[in-house]
Each structure stands twice: as structure tokens, then as C-alpha cells.
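Please read the structure below before turning to the comments.
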Amino acid sequence: MDCPGLCEALANGGVNLGLAQFISLFIGVVLVSGVPLVTVIFLIWIERKVAARIQDRIGPNRVGPFGLLQTFADLIKLLIKEDITPTAADRLLYNAAPLVSFASVVLIWAIVPFTPYHYGVDLEIGALYFVAVASLGTLAIMTAGWASNNKYALLGAFRVVALLVSYEIPLVFALMVPVMLAGTMSMVDIIYAQSSMWFVFMSPLAMILFFISSQAETGRAPFDLIEAESELVAGFNIEYSGMKFGMFFAAEFLHVFTNGILLTILFFGGWLFPLWNEPLIAFAWLGLKASVLYFISLWIRNTVPRMRIDQVMWFNWFRLVPISILNLLAVAFLVKVMQELGLAPRDLAQATLGEVLPMTIILFLSNVAIAIGLLGQVRSVGRESRLATETAQTATAVGD
Amino acid sequence: MDILNNWAFVGIFAVMAPVFPALPIVIAWLLRPHKPNVLKSQTYECGVETVGDTWVQFRVQYYIYGLIFLVFDVEMVLLFPWAVAYNRLDLFAFAAGFLFIFLLADGLIYAWRKDVLAWK
Amino acid sequence: MEFNFITVAFIVFSLITLGGAIGVVTCINLFRGTIWLMVSLFGVAGLMVLLSAEFLAAVQVLVYIGAIAILFTFAVMLTRSITSDKMRFTRVWVNVISAGILFVLFALGVIYPVWVANAATHFPVTDAGLATTTDLGVALVSGSQFVLPFEVAGLLLTAAMIGAIVIARDADDEGN
Amino acid sequence: MVPLWVFLMVSAALFCIGVFGVLARRNGVAVLMSVELMLNAALMNIVAFWRYNNPTEVNGLAFAAFVFVVAAAEAAVGLAIIISVYRNRHSIIPEEADTLKG
């Protein structure tokens with residue numbers, strides 16, 4: 001979004017052309033990044049309110065109407081709180097880590113298309129940009145853990161980084177499915193490719209894989225080994241206090257909502273409203289879909305118990321990674337065969353509902369088949385291990 | 001120069017993004033009390049004084065996760081252009097992509113069999 | 001070389017690249033060295049954007065900062081007591097001079113006579129008709145172009161993965 | 001646009017810094033980092049030549065993509081060897097790992 005009218009107006013007003021371009025780009029940046037920064041203030045309130053309701057509490061209700069100003073009260077508290085930097089810490093990297101952590105989440109918003117006409121940039125490599133920027137966050141966590149110069153922090157950072165890199169594999173394989181169906185990495189074009197059918201109906205499995213692994217990427221329950229506050233000390237951010245800790249915290253809250261937005265764009269048709277594409281309605285529609293996904297994420301966070309690290313790793317390497325590879329291959333194979341047979345259009349953006357319907361049905365059924373096969377396999381493995389334990393128990397009982 | 005115009009936006013965004021979190025931290029630095037003392041600035045160790053080096057010996061397990069991730073990351077890098085161009089290609093392209101993924105899956109299966117992926 | 005937005009960006013990214021590289025080869029603390037390496041490679045990614053290779057720039061960030069950096073930090077932690085090592089450099093001045101001579105050779109022997117003298121014969125530089133990521137995807141799997149290197153790359157990655165697991169795992173067994 | 005030879009100069013400087021690192025550092029991990037710098041200098045050259053001489057052909061992009069594969073394989077195996085040598089000999093100085101004889 002570089003406000004074309006503004007640039008021309010400035011240039012006509014006698015401002016140097018380069019400077020005019022810079023000013024219009026700068027204003028665009030401030031507008032685009034304003035959205036996540038305003039959102040995060042309310043996300044913290046929503047998160048606490050929802051968590052409270054699920055746990056049968058009321059939640060913040062003292063500051064302002066419905067406790068809406070609670071976040072500002074928290075902010076003031078963090079602002080005037082003493083901030084300790086341990087003497088043993090590596091000062092430069094210690095202070096840089098929270099900045100990079102927050103920036104890595106805000107940077108994702110540069111490619112988020114809010115409406116058909118309002119977005120930061122429409123990069124040709126949008127999907128890859130998202131993965132690349134998200135990987136900066138991993139490095140920030142590693143740096144935070146190391147720079148604190150604390151055993152717990154370093155160990156926590158190692159576990160988290162191992163978890164994050166592991167879950168990035170199914171994330172990217174799932175991301176590849178919409179990229180392949182749409183034939184582009186640009187976020188805007190991926191949305192237009194869904195004009196007659198959302199990708200979630202073509203590959204629900206990819207959506208679920210993306211959802212699970214992005215939940216893990218944000219370090220939310222059931223994968224919240226980043227800061228299992230009731231068990232470990234606090235993980236990589238143990239030495240942080242005051243506003244710097246607040247930044248890690250805010251980055252996490254914002255990341256969850258950002259994932260909701262990305263999921264909406266990649267699988268739920270973004271701002272595509274069935275009837276008309278008025279910018280305001282498109283924006284509200286995108287926000288509504290993202291909020292529903294965000295709420296589901298909170299719901300899972302507050303109801304599912306935490307997994308152990310070995311279970312988390314096992315779940316990733318022995319379930320998610322093979323399924324994501326299998327899913328990608330299945331979708332690729334079926335799409336290609338149907339395209340060769342003339343059952344599927346080659347350009348989804350131009351296709352009508354009737355043209356994409358056979359393809360959708362077959363892809364959906366293939367996904368269901370994979371899921372059923374998987375569940376059957378899980379059940380038989382579970383039964384085998386249960387039988388093995390029972391046999392072992394009987395053997396010991398007889399031996400006694 | 002459309003590409004560069006887009007990336008100029010990303011560049012300004014990348015410069016601005018760390019400024020937003022830096023701002024409250026700087027404001028906090030101005031407002032908050034500064035009263036460090038030796039005890040406060042010690043490394044947090046659950047009440048007991050720090051013993052030994054922070055650089056405890058780490059398990060090679062972490063390295064193996066990082067290694068497999070690196071290999072898959074590079075694989076995805078080569079698969080992304082394949083996925084983007086997929087609608088224009090024929091069945092041979094699927095075969096080529098399948099063989100490529102199959103080779104990498106072999107490595108994954110090897111890692112399974114050697115039991116290096118389970119957290120011990 | 002007229003002075004504009006691109007030139008400024010080029011100078012900034014070149015300084016980031018070279019400064020980071022100097023940080024890598026002179027740092028005492030290896031974890032900081034890894035961070036310097038990332039800074040330097042990030043600068044290279046910026047230069048790639050200036051060369052309109054946005055796909056490669058994203059790949060550069062993804063592969064180097066996302067994966068190789070993590071691998072390096074893990075390796076730094078696994079081989080501990082690195083910071084306390086006294087033996088950091090060998091024959092510093094001899095090596096500085098030989099690297100300097102190499103640079104002068106590059107500059108005077110190859111780049112100046114060949115690429116500055118023939119600058120006028122270069123193709124006009126525009127973005128029109130630039131090869132895209134889609135073209136790359138088509139080329140990677142079409143029989144007449146890069147399908148063989150593509151598969152060999154897969155084989156190489158698998159071999160590297162298996163080999164590295166075997167080597168690192170042996171070490172682990174002996175460690176226990 | 002910046003002329004080609006300026007890009008080549010920057011990558012030559014990057015390469016020479018890498019060469020210095022490989023020759024002067026005594027730490028295996030640091031040597032590998034310097035090798036990564038050299039590889040990146042080569043990568044930058046490939047991209048620069050592609051952009052200035054043959055931007056409509058895809059060869060330069062494909063070649064650069066394969067350089068990433070080689071860089072990844074090199075880093076993975078190199079670091080594994082360093083870890084292994086460190087575990088067995090408690091040293092990460094390449095010159096001291098000299099027991100491999102034919």
C-alpha cells in the first residue's frame with residue numbers, strides 16, 4: 001500500500017520524487033503495522049476473558065467497562081516495573097532478542113491482504129516470505145536463551161527450538177497444498193483462486209495440519225513447553241522482567257491471531273464474501289473468520305492438557321510429518337490425473353463452481369480416506385500396546 | 001521496477017518493526033526505578049548459588065533434529081517452484097516430484113529405523 | 001553510478017554483508033560469531049533482492065537464518081568450552097596479507113580489465129521478461145532441462161542426512 | 001542501477017574475508033562459518049551474472065538453487081564431523097585431528 005494519490009500530490013507540490021515515494025511508503029507502513037499493534041491490545045483482554053469464562057470465572061472486570069482497560073493498567077504496571085539485567089548476561093543480545101521476537105510477528109502483517117484493495121505488499125513469493133520471517137522468531141528465542149547466561153534459560157531455549165524446527169516441517173508441507181492448488185505464492189492470488197471453492201473443502205487435512213503445527217509454533221497448549229509455568233521455571237525467558245518480558249508475551253498473543261488470519265487467507269477464502277466485495281465488508285468478513293479460528297485456538301489452549309516433550313516429538317515425527325508428505329503427494333497425484341482427464345480446471349481463479357465441484361469432491365474423499373486409514377492404524381497400535389502391557393502384567397502376577 | 005518498489009515497502013517495514021517494541025522499552029527505561037544490587041543481578045537459580053559453568057554438555061539429539069530440519073528445509077525450497085508451476089506441467093512432473101520426495105522420505109525412514117527421532 | 005534509492009540500499013547491504021563477515025572471522029565468542037554470520041548472510045539476501053532474485057533472497061533467509069544458523073548454534077553448544085580457548089588464530093598477519101593479495105588479484109586481474117572495460121557491452125537491465133519462480137519450477141522438472149540435477153540433489157540431501165546421522169550418532173554412543 | 005563490477009567487487013571482498021577465516025581460525029566451527037561466507041560470495045556472483053547477462057533464462061536461478069543444496073549438505077556433514085571429532089578427541093582444532101592415515 002503506497003498511497004498512489006499521495007505520492008503524486010507530493011511530487012506535484014514540489015517535493016523530490018524519491019522523497020515523495022519514501023513518504024508515501026512510510027505512511028503505508030505505519031497504517032499496515034498499526035493494525036496488529038492495535039489488535040494486540042484487545043487480544044490480551046479477549047484472551048483473559050475467554051480463559052476466565054472457560055474456567056468458570058469472570059476475568060478482568062474492574063478497570064473500565066467489562067475490564068476493557070485492564071490491558072492499559074497492565075501496560076502501566078510493566079512500564080514502571082524495575083527491569084533487571086543479570087550481570088552475567090550478554091547485554092547486547094539480551095536486549096535485542098525481545099525486539100526481534102516481536103518484530104518477526106509484526107513483519108508477517110506486511111503481506112496480509114485486508115481487502116481486495118488494501119494490503120501492504122503483494123509479494124510474488126508471499127507464502128515463502130511468511131515462512132522465512134517466522135524463522136527469525138526461532139533465532140530470537142535461541143539468542144534469548146543463550147544471552148541470559150542461565151542454565152535453565154539455555155536448556156529451555158534448546159527444547160523450544162528443537163520443537164519449533166520439528167513442527168515447521170508439517171507446517172510448510174501443509175502450506176504447499178494451497179500454493180500448489182492456486183499455482184502461486186502471492187497471498188492475494190491465493191485468495192482469488194478460492195473464489196468458487198475454499199481450499200478447506202479440497203484439503204481439510206492440510207488445514208488441520210497447518211492449524212496444529214501453527215498452534216505448536218506459537219507455543220500454545222497442548223504444546224506449551226516453551227513456558228510450562230506450572231512445571232518448569234519459565235523456559236527461555238526466565239531472566240526477563242518488566243517490559244522486555246512483556247514483549248515476548250505480546251509477541252505470543254499476536255502470533256496466535258496472526259495464525260488465524262493466515263489460516264483464513266490460505267484455506268477459508270480470505271475476504272471473499274459471497275455477495276459483494278465492498279472493502280469494509282471484506283475487512284469485517286476476514287476479521288470475523290480469523291476471530292472464529294482464534295477462538296478455537298483459545299478453546300483448545302484452555303481445555304487440552306499439556307503433552308510431555310517426548311510425546312510432542314513423537315507426535316510430530318511419527319504422525320504429522322508422514323501425514324503431511326502423504327497428503328501433499330495424494331493431492332498432487334489426484335489433481336494432475338484429473339487435469340489430464342479434463343475433470344479439473346488448470347486455473348482456479350477463472351473456474352466456475354460447476355467446474356471445480358468434481359475435483360473438490362474427489363480431493364475431499366481422498367483426504368477422508370487418509371484420515372480413516374490413519375485412525376484405524378492408531379487404534380490398532382493402541383490396542384497392541386495395551387495388550388502387551390496386559391500380558392506383561394498377567395505374567396508378573398502369575399510369577400508371584 | 002515494480003519488484004523493487006514492493007521490497008522498498010518491506011525494507012521500511014523491516015526497519016520499523018523493531019522500533020515498535022523498542023519504543024515502550026525505552027519509555028519504561030525512562031520511567032522505571034534503577035536500583036540494581038549484587039543480589040538482584042545474580043543469575044536466577046532457584047535460591048541456590050550458581051555452581052559450575054553455564055555451558056553444560058548438551059545431547060547430540062538436538063543436533064539431529066536440527067540436521068533433519070535443515071535437509072527438509074532445503075527440500076521444500078526446491079519443491080516450492082515445483083508446486084507453483086504445477087498447474088502447467090504434465091504427469092511427468094508429478095513423477096519427478098514423487099521421486100524427489102521419495103528419496104527424502106527414505107532418509108526419514110532410516111532415521112526412524114535407527115530410532116534417533118524419539119526423545120530420550 | 002547515479003545516487004538514488006537503489007544505490008543507498010546497495011551501500012547499506014554491502015556494508016552489512018562485509019561488516020558481518022569481518023565479525024565472523026574475528027569474533028572470540030562463537031555464539032556471537034553465529035549471529036554475525038546471520039547478519040552477513042542477511043545482507044547477501046538484501047543484495048539478492050536488489051538483483052531482483054526475490055525467490056532466492058527468501059530462500060537465503062529461510063535456509064541460512066532458519067536452519068543453518070540453528071545447526072551452527074547447536075554445534076557450538078555441543079562442542080563446549082570454546083570461549084575459553086586461548087588458541088584462536090594462527091599466523092594472523094601472514095593470512096591477512098595473503099587474503100589481501102588475493103583480493104587485489106581479483107580486483108586488478110579479473111574484475112577491472114574484464115568487467116569494467118566491457119561494461120558498455122552489457123545487456124540493458126530491465127525487469128521485463130525476467131525469469132520467474134514459475135519458470136524455475138518448469139525448468140526443474142522438465143526432461144530437457146534440470147530434472148536430473150533435481151533428482152541428484154534429492155539423492156545428495158538424503159546421503160548427507162544419513163551420513164551426518166551416522167557420524168553424529170557414533171559420537172553420542174561413545175559419549176554415553 | 002549499480003553496475004555489475006561493483007557487485008563483483010563486494011563478492012570478491014566477501015570471498016577474501018572467508019579465505020582469511022579459513023586460513024587463520026583454529027576452531028573447526030569458525031572454519032566452517034568462513035567456508036559458508038565463501039560459498040555465499042560464489043552464490044552472489046552467480047546471481048549477479050544471471051541478472052546482468054541473462055535475466056530471461058532460468059539457468060542462473062536453477063544453478064543458485066543447487067548451490068543451496070550443496071551448502072546445506074556441507075554444513076550438515078561438516079558440523080557432524082566436528083562434533084564427532086570433539087567427542088572422541090576433545091578438541092575442535094582441525095590440525096590436531098590427524099590420526100586418519102592410509
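In what follows, chains are A, B, ... by sequence order, proteins preceding strands, each numbered from 1.
Proximity to chain D is absent for every atom of B:Val77, based on heavy atoms less than 4.5 angstrom apart.
Partners of D:Glu36 by side-chain hydrogen bond (donor to acceptor under 3.5 Å, both in side chains), not counting sequence neighbours, listed by chain and number: C:Tyr64. Partners of B:Leu31 under the side chain to side chain contact (heavy atoms under 4.5 Å, CB included) rule, at least two apart in sequence or in another chain, are A:Leu79, A:Ile80, B:Ile27.
In this structure, CG in D:Leu79 is found 4.5 Å from OH in B:Tyr63, a value given to the nearest 0.5 Å. Interatomic distance, D:Phe66 CZ to B:Leu78 CG, rounded to the nearest 0.5 Å: 6.0 Å.
Summarising the local packing, CZ of D:Phe63 is surrounded by 12 or fewer heavy atoms from other residues, nucleotides or ligands at distances under 6.0 Å. Within a 6.0 Å sphere centred on CH2 of B:Trp29, other residues, nucleotides and ligands contribute 12 heavy atoms or fewer.
Contact record, B:Leu70 with D:Ala72: CD2-O, 3.6 Å, taken as the closest heavy-atom pair.
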